[in-house]
Amino acid sequence: MIQERMRRLAKAIVLGVWLLITLFPLYWIVVTSLKPKAEIFSMPIKYWPGNVTFEHYADLFSFADFGTYLLNSLLVSLVAAGAVTVIGVLGGYTLARFSFPGRGALMLAFLVTQMLPLFIALGPLYLLMSDLDLLNRLAGLMLVYVAMLVPFSTIIMRGFYERIPVALEEAAQVDGASRLVAMVRVVIPVMLPGIAATFIFAFVQCWNELFLAITFIDSEDAKTIPVAMNSFITQYDIDWGSMAAATVVSVLPTLVLFAAIRRYIVEGLTAGAVKG
């Protein structure tokens, strides 16, 4: 009995220390965003601002036009993630339910694309975007994100489909439903956790992506949040206060999205872990 209590106590201590290590960077970002500029580099270090200020948040929306960047990121991430999810749902169903020549090669190609460094295709991709007049356009960035995320999302969806018995669709078809109707009315409702997990994966990838965005977007009107935050880093200085405030603001939409579909995300991430 004593050994069991000691084991639980040790486990609680380890988990508590790990939680503190994980949460401290987030805490420090919030505290930095609330410090006056003079206190950010003050010594000794202040773990809570002596004078709480919201000047960095005010600067974001009054001088940096951060509201436009926020809307751009939301538009790009929602549209691209939605398109990726729809294509992944259809592609995953095709790979899971149909046998056709080249299916194995297609799956291998999808996997290989995830192993190649992105910068290898950057040159040709930039020339293609330039020829199509898609530089400094949100639509062009959306297309690039969709092309980048579709292979992995399709693989994810295929795995979810393979956990669903084919008998469900066959029963619907026996009752007179077509394959498409059986998919939409029978399979898709069961797939909601997987669809939610795929959507949140694509959304977060688009929301946080910097490398492609900073390459294809240079116009102030089309900048996304990662590109805007990168501009706080200059040759001789880093505006830590504004960057911390921008980080806090940029995290909020993701938290809201996670909170809205958290039940489906948990079910999707744990699908297949427990067999009935």
Side-chain angles (χ1 to χ4, degrees), residues 11 15 18 22 74-116 118 142-209 253-276:
K11 182 179 179 180
L15 291 177
W18 180 255
T22 303
L74 280 173
L75 179 62
V76 170
S77 300
L78 288 174
V79 173
V84 166
T85 303
V86 171
I87 297 174
V89 167
L90 299 176
Y93 182 84
T94 301
L95 292 175
R97 293 294 191 258
F98 296 97
S99 296
F100 54 88
R103 185 178 69 167
L106 182 61
M107 285 293 300
L108 180 61
F110 282 171
L111 292 172
V112 169
T113 59
Q114 306 307 303
M115 303 176 188
L116 298 176
L118 186 60
M142 293 175 195
L143 289 174
V144 173
Y145 286 164
V146 170
M148 176 181 69
L149 295 172
V150 158
F152 188 68
S153 298
T154 302
I155 294 173
I156 293 177
M157 294 305 299
R158 175 179 177 268
F160 282 110
Y161 277 117
E162 290 183 339
R163 296 190 179 100
I164 299 177
V166 181
L168 291 177
E169 298 167 70
E170 293 176 344
Q173 289 176 305
V174 168
D175 291 336
S178 64
R179 179 179 288 273
L180 179 60
V181 172
M183 174 187 173
V184 173
R185 294 188 177 181
V186 177
V187 180
I188 295 298
V190 182
M191 284 283 294
L192 285 179
I195 294 174
T198 302
F199 178 83
I200 195 68
F201 162 78
F203 181 89
V204 171
Q205 292 296 314
C206 296
W207 185 263
N208 294 327
E209 202 283 323
T254 307
L255 291 178
V256 172
L257 181 61
F258 268 97
I261 58 177
R262 63 186 182 279
R263 179 171 63 88
Y264 294 113
I265 295 173
V266 172
E267 292 178 8
L269 295 177
T270 58
V274 179
K275 295 183 179 180

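- Atoms CZ and CZ, on Arg158 and Arg163 in that order, are 11.0 Å from each other to the nearest 0.5 Å.
- Here the closest heavy-atom approach between residue Thr154 and residue Gly92 is recorded as CG2-N, 3.6 Å.
- Contact between Met157 and Gly194 at its shortest, heavy atoms only, is SD-O, 3.9 Å.
- The side-chain hydrogen bond (donor to acceptor under 3.5 Å, both in side chains) check on Arg97 picks up Glu169, with sequence neighbours excluded.
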Open item on the list: Before you tell me yes or no, could you show the steps for Met183 and Leu90 under side chain to side chain contact (heavy atoms under 4.5 Å, CB included), namely the whole-Å CA-CA distance, both residues' side-chain angles and the distance that decides it to 0.1 Å?
Closed with: CA-CA 10 Å; Met183 174 187 173; Leu90 299 176; 3.9 Å; yes
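- The structure places OG1 of Thr85 at 8.0 Å from CD1 of Ile195, a figure rounded to the nearest 0.5 Å.
- Scanning all heavy atoms of the two residues, the minimum distance from Pro253 to Leu74 falls at CB-CD2, 4.1 Å.
- Phe201 is not listed as a side-chain neighbour of Val84, based on a closest heavy-atom distance of 4.5 Å or more.
- The distance from the CD1 atom of Ile200 to the CD atom of Gln205 is 11.0 Å, given to the nearest 0.5 Å.
- Here the shortest heavy-atom pairing between Leu149 and Cys206 reads CD1-SG, 3.6 Å.
- Every pair passing ring pair (Phe, Tyr, Trp, His ring centres under 6.0 Å) that includes a residue from residues 161-193 is listed here, sequence neighbours excluded: Tyr93-Tyr161.
- Every residue was checked against the side-chain hydrogen bond (donor to acceptor under 3.5 Å, both in side chains) condition with Gln173, not counting sequence neighbours, and none meets it.
- Here the CG-CG distance, from Leu257 to Leu78, works out to 7.5 Å after rounding to the nearest 0.5 Å.
- Phe152 has its side chain out of reach of Thr113: every pair of non-hydrogen atoms, C-beta onward, lies at least 4.5 Å apart.
- Here the CG atom belonging to Leu111 is positioned 5.5 Å from the CE atom belonging to Met115, to the nearest 0.5 angstrom.
- Considering CD1 of Ile87 and OG1 of Thr198, their distance stands at 12.5 Å, rounded to 0.5 Å.
- Distance alone, capped at 3.5 Å, is enough to place a donor-acceptor pair between the Arg103 side chain and the Leu95 backbone.
- The minimum heavy-atom distance between Ala83 and Val146, with the atom names listed, is CB-CG2, 3.9 Å.
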